[in-house]
Amino acid sequence: MSISLLKQHIEATTLSQSQVAAQLGKSPATINQYLQGKYKGDVESIDKAVVELVERQKSKSTDLSNAFIETPMAHRTMQSCMFAHAMNDMQLIIGEAGLGKTMALKEYAARNSNVVMLEVDPTFSSKVLLAEICNALGVTAGRNNNAMMTAVIEKLKGSDRLLIIDEAELLTLNSLEILRRIHDKACIGIVLAGMPRLRANLRGARGQYKQIYSRIGMVHDLKMRLPVEDIAMFCEAALGTAEFNETLNKVSQGNARRLNKLLRGINRMAVLNKAPVNKDMIGQFADRLID
Ligand SMILES: Nc1ncnc2c1ncn2[C@@H]1O[C@H](COP(=O)(O)OP(=O)(O)O)[C@@H](O)[C@H]1O
Ligand SMILES: [Mg+2]
């Protein structure tokens, strides 16, 4: 019987009996009886489910923690935030998906208390944007745009805050215009971060949005892929060796998200196979990743 194994699992994960029952696909009553050695049903199937669950848990715990690594590119991204912050400037940070923009922005926000960071999503109208900024600043204002804008500017004026807007390529022109006004009137730094099309959005198809674009002080462009030094740092942190840097740089295509998936996969495979990571494992995972 796997009762003691299940007890260890419950203790290690600090999950409740009913949460563990859900993980096992059994009812809480069944698991309660099983743990007391009183279950009269198919004990074998629970034993098997427990062993499988514990194995899955083990391979999960070999996942890379999503701990921040200060690669040269992440450092430059944070530096961009620092310039915008120190000079009350408006800055643009652009780059393909999965290069580590959000991780670096969040790290800057975590290290500096007077930062407000918002992640835009496709439902953001200008009203939602203003409401979210009010919310983040703890400002209460009427629900019309004008009242919210006035309150936000009042709160931010001379505050030395930095406003970081992530995934800003999803903002409408009207929302971008609102941010420009907040920047102009409250004189605070603003970082707009997103995919390369953000730059095009700001320029406008016919260059008609000069008002906004001319406010941008500097652009930090992460381009299409990360430099090899960054990839090497991620690989060595996850695998403890530089042996696979070159291979992983190739198959990850210089993309941190892709690399992270690969590293998690091969680390898990190594644990399950009770064997050290090798090129074959990397090849197997690389084939499964979507381009
Ligand atoms: N500096 C970093 N330290 C640790 N992991 C990172 C770092 N940068 C990126 N990653 C990994 O790559 C993934 C994608 O990064 P993310 O910041 O979401 O990219 P982007 O915002 O550019 O699309 C993250 O979920 C994380 O696993
Ligand atoms: Mg992101």
Side-chain angles (χ1 to χ4, degrees), residues 59-82 84 91-112 115-124 129 132 136 162-171 175-176 179 190-202 219-242 244-245 248-268 282 285-286 288-291:
S59 63
K60 250 189 209 155
S61 63
T62 63
D63 270 7
L64 297 183
S65 66
N66 239 353
F68 177 75
I69 298 173
E70 191 161 341
T71 62
M73 188 60 93
H75 181 77
R76 285 198 287 281
T77 304
M78 288 196 293
Q79 247 182 353
S80 253
C81 294
M82 193 267 285
Q91 301 242 357
L92 200 55
I93 295 177
I94 52 170
E96 277 306 322
L99 294 189
K101 299 181 294 297
T102 300
M103 288 285 288
L105 298 172
K106 281 191 174 158
E107 183 65 18
Y108 185 84
R111 289 186 191 179
N112 295 274
V115 175
V116 174
M117 178 167 166
L118 292 185
E119 284 178 73
V120 174
D121 71 51
T123 65
F124 267 49
L129 172 71
E132 289 283 331
L162 176 70
L163 188 54
I164 298 179
I165 310 287
D166 195 14
E167 309 215 11
E169 77 276 7
L170 298 172
L171 290 175
S175 294
L176 290 167
L179 290 171
I190 295 186
V191 168
L192 298 176
M195 304 263 284
R197 71 172 188 273
L198 170 60
R199 189 184 218 155
N201 291 355
L202 287 165
V219 180
H220 168 50
D221 188 348
L222 288 81
K223 305 253 166 61
M224 302 294 287
R225 58 184 298 158
L226 292 172
V228 287
E229 306 83 65
D230 287 58
I231 297 295
M233 272 180 86
F234 288 133
C235 295
E236 286 164 41
L239 304 176
T241 168
F244 305 106
N245 289 4
L248 284 164
N249 181 45
K250 228 178 265 163
V251 293
S252 70
Q253 298 166 4
N255 187 289
R257 182 169 290 130
R258 203 176 149 87
L259 178 66
N260 188 265
K261 283 194 183 135
L262 270 161
L263 290 169
R264 278 167 53 182
I266 57 179
N267 256 337
R268 187 173 298 184
I282 299 176
F285 263 93
R288 289 184 216 169
L289 280 181
I290 285 181
D291 274 327

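These figures come from a predicted structure and were not determined experimentally. Just so you know, ligand 1 is whichever comes first in the structure, and atom 1 is the first atom listed for that ligand.
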(message) List ligand 1 atoms under 4.0 Å from A97, heavy atoms only on the residue side.
(response) 23 (O)

(message) What protein heavy atom lies closest to atom 23 (O) of ligand 1? Include the residue and the distance to one decimal.
(response) G98 N, 2.7 Å

(request) Check A67 against ligand 1 and report side chain, backbone, both or neither, counting heavy atoms closer than 4.0 Å. (result) backbone

(message) Counting non-hydrogen protein atoms only, what is the nearest one to atom 25 (O) of ligand 1? Give residue, atom name and distance.
(response) N66 ND2, 4.0 Å

(message) List ligand 1 atoms under 4.0 Å from F234, heavy atoms only on the residue side.
(response) 2 (C), 3 (N), 4 (C), 5 (N), 6 (C), 7 (C), 8 (N)

(message) Return the SG to CG distance between C235 and N245, rounded to the nearest 0.5 Å.
(response) 5.0 Å

(request) Please name the residue in the list I164, L163, L105 that meets the side chain to side chain contact (heavy atoms under 4.5 Å, CB included) test with V115. (result) I164

(request) Distance to 0.1 Å, residue and atom name: give those for the protein heavy atom nearest to atom 1 (N) of ligand 1. (result) I69 O, 2.8 Å

(request) With heavy atoms only and a cut-off of under 4.0 Å, state how N260 meets ligand 1: side chain, backbone, both or neither. (result) side chain

(request) To the nearest 0.5 angstrom, please state how far the OG1 atom of T123 sits from the CG atom of L129. (result) 11.0 Å

(message) For R258, is there any backbone N or O sitting under 3.5 Å from a side-chain donor or acceptor partner on N255?
(response) yes

(message) Using every non-hydrogen atom in the two residues, find where C81 and L162 come nearest and quote the distance to one decimal.
(response) O-CD2, 3.7 Å

(request) Check whether any side-chain N or O of D166 sits under 3.5 Å from a backbone N or O of T102 as a donor-acceptor pair, and report yes or no. (result) no

(request) Can you pull out the closest protein heavy atom to atom 21 (O) of ligand 1? Residue, atom name and distance to 0.1 Å, please. (result) T102 OG1, 2.7 Å

(message) Can you report which non-hydrogen protein atom sits closest to atom 13 (C) of ligand 1, along with the distance?
(response) R257 CA, 3.8 Å

(message) With respect to the Mg ion (ligand 2), please indicate if M103 possesses an N, O or S atom at a distance under 2.8 Å.
(response) no

(request) Drop me the distance from M82's CE to N112's CG, to the nearest 0.5 angstrom. (result) 9.5 Å

(request) Give the numbers and elements of all ligand 1 atoms closer than 4.0 Å to a heavy atom of L99. (result) 19 (O), 20 (P), 22 (O)

(message) If you measure every N or O of A74 against every N or O of ligand 1, does any of those distances drop under 3.5 Å?
(response) no

(message) Keeping K101 on the side-chain end and G95 on the backbone end, is there a donor-acceptor pair under 3.5 Å?
(response) yes

(message) Please report whether ligand 1 has a polar contact with F68, defined as an N or O pair separated by less than 3.5 Å (distance criterion only).
(response) no

(request) Using a strict cut-off of 4.0 Å, indicate which atoms of ligand 1 neighbour a heavy atom of G100. (result) 8 (N), 9 (C), 15 (O), 16 (P), 17 (O), 19 (O), 20 (P), 22 (O)

(request) Can you measure from CG (L222) to OG1 (T77) and round to the nearest 0.5 angstrom? (result) 4.5 Å

(message) Between R257 and E96, does any side-chain N to carboxylate O distance fall below 4.0 Å?
(response) no

(request) Give the residue and atom name of whichever protein heavy atom lies nearest to atom 10 (N) of ligand 1, and the separation in Å to one decimal. (result) M103 CG, 3.8 Å

